[in-house]
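Here's the structure we're looking at; comments come further down.
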Amino acid sequence: PACVLPLNANAGVGSYVSQCIYDTLIHYNSDTKELEPMLATEWEWVDDTHLKMTLRDDVVAYDGSILTASDVLYSVQQGLAGDAPTQWKYVDGNECSAPDDTTFILGLKEAHPTVVNLLASICMLPIIDESSVEANGGYEACLRDPKCSTGAYKFEEWKNGEYIRLVRNEDYWGEAPYYAEITFTFINDSASRAMGLSGGDINVAADLTSADALSITEPNKVTPVATGGCYVIFFNVTNEYLSNATVREAIFKAIDVEALNQVGTTGLSTLASSLMPSSNAYYSAPSSDYDHTVDIEAAKQLLADAGYPDGFELYMPIMAQQQPECEVIQACLLQIGIDLKLEVVELPTYLGATD
């Protein structure tokens with residue numbers, strides 16, 4: 001693993017648990033799209049490849065010790081030693097150091113200005129305390145029993161396949177969390193999660209299907225949350241037809257994204273206006289003339305202008321779960337003479353075809 005986490009930080013319950021028990025050096029405020037202090041109170045580039053960070057001196061670790069820069073260095077070393085994600089390739093372990101208890105220097109192999117943003121991600125660098133790790137039986141032991149964190153909640157118990165229980169961290173350096181205890185239960189089926197919420201057996205149900213979310217009635221409340229992701233269609237511009245920008249514009253005008261949204265998420269998603277979701281720091285609002293309106297006649301004319309008045313045939317490999325949405329696209333393109341052949345394939349074939 002790239003870091004000590006009770007579960008995969010990118011999936012399911014693991015993501016929610018990790019946000020509760022771990023701190024990062026920097027916090028990203030998705031409302032203001034600004035980076036804010038967390039364990040690091042300030043930071044500055046010493047040069048193109050060295051980022052100097054000043055740390056808080058009042059952070060109490062799981063075992064009661066005070067977190068220092070050497071613990072941050074230890075966290076980085078664990079990340080470098082693990083099955084590191086792509087972003088770790090920029091970090092130079094030999095250039096990272098802890099000159100004193102509240103100063104940490106992150107060394108890079110080459111200039112990478114946006115690494116500051118990555119430090120705000122729990123998936124990049126959750127901070128762990130070395131003495132807590134050792135007191136808990138070592139790094140490997142903490143993979144299943146992560147009592148080595150500094151976050152708002154402490155890991156208390158994990159009963160495999162049933163629940164993970166957290167308790168409030170009474171020594172937390174920040175604002176005290178509201179709940180004294182949080183229990184994450186494992187309910188694999190979305191419909192069962194929705195029923196548990198409606199019946200009062202659980203307080204919060206996450207990752208519901210659109211249909212199940214719409215089945216929730218008062219006094220419960222469904223709150224759509226920006227996931228940081230965006231569904232996009234990529235064109236293979238080495239294709240004879242798709243290499244033509246006019247053809248691509250015609251396809252854009254033909255696809256009914258409102259229908260896609262209804263089929264895919266029962267209308268709960270927000271229509272995209274960029275490759276980046278609006279919650280992302282790099283999001284840029286589209287120009288005022290950006291328009292999702294379907295215009296079949298204009299799309300047909302564009303195809304004719306491109307030299308294809310009678311249309312043509314395209315091929316699209318898809319995963320089974322994508323089929324309903326892709327059939328909407330297929331129906332839209334058929335209106336302008338493009339015959340989109342869909343083929344449901346297994347994941348390895350899909351990844352190979354879309355590489």
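Positions are given from 1, in the same order as the sequence printed here. Because the structure is predicted, anything quoted here is derived from the model rather than measured.
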Quiz item: After noting the C-alpha distance and the side-chain angles of Y28 and K33, does the key distance pass the side chain to side chain contact (heavy atoms under 4.5 Å, CB included) rule?
Solution: CA-CA 7 Å; Y28 173 67; K33 297 181 175 58; 3.4 Å; yes

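- No more than 12 heavy atoms of other residues, nucleotides or ligands lie within 6.0 Å of CE in M195, so this atom counts as exposed by the packing criterion.
- In the model, T68 has no side-chain atom that pairs as donor or acceptor with a side-chain atom of D101 under 3.5 Å.
- For the residue pair Q301 and E297, no side-chain donor N or O sits within less than 3.5 Å of a side-chain acceptor on the partner.
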Quiz item: Would Y350 and Q322 count as a side chain to side chain contact (heavy atoms under 4.5 Å, CB included) if you check the C-alpha gap in whole Å, the side-chain angles of each, and the deciding distance to 0.1 Å?
Solution: CA-CA 12 Å; Y350 177 80; Q322 300 169 331; 3.5 Å; yes

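- If you check the side chains of E34 and N29, you find no donor sitting under 3.5 Å from an acceptor.
- Judged purely by distance below 3.5 Å, without hydrogens or angles, the side chains of D212 and S190 pair a donor atom with an acceptor atom.
- Side-chain N/O atoms of H292 and E258 include no donor and acceptor closer than 3.5 Å.
- Atom CG of L302 sits about 12.5 Å away from atom CZ of R248, to the nearest 0.5 Å.
- A side-chain donor-acceptor contact under 3.5 Å links T103 and D100.
- Classified by interplanar angle (parallel below 30°, tilted 30° to 60°, perpendicular above 60°), the ring pair Y241/F312 is parallel.
- Sparse packing is recorded around CD of E175, with 12 or fewer heavy atoms of other residues, nucleotides or ligands lying under 6.0 Å away.
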Exercise. In sequence, state the C-alpha distance, the side-chain angles, and the governing distance for Y163 and F186, and then conclude on ring pair (Phe, Tyr, Trp, His ring centres under 6.0 Å).
Key: CA-CA 6 Å; Y163 63 84; F186 296 85; 8.4 Å; no

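- Two residues are said to be in side-chain contact when any heavy atoms from C-beta on lie closer than 4.5 Å; L55 and L25 meet this criterion.
- Considering OG1 of T150 and CG of D23, their distance stands at 3.5 Å, rounded to 0.5 Å.
- A donor-acceptor contact shorter than 3.5 Å links the side chain of N169 to the backbone of G151.
- Ion pairing of R168 with E181 is absent here, as no side-chain N (NZ or NE/NH1/NH2) approaches a carboxylate O to less than 4.0 Å.
- Remark: the E110 side chain and the Y90 side chain contain no N/O donor-acceptor pair separated by less than 3.5 Å.
- Using a distance-only test at 3.5 Å, with no hydrogens or angles considered, no donor-acceptor pair links the side chain of R165 to the main chain of T183.
- A distance of 11.0 Å separates CZ in R56 from CD1 in I66, rounded to the nearest 0.5 Å.
- Judged by distance alone, the side chains of T54 and T102 never bring a donor and an acceptor atom under 3.5 Å apart.
- The environment of D189 atom CG is dense: over 12 non-hydrogen atoms of other residues, nucleotides or ligands sit within 6.0 angstrom.
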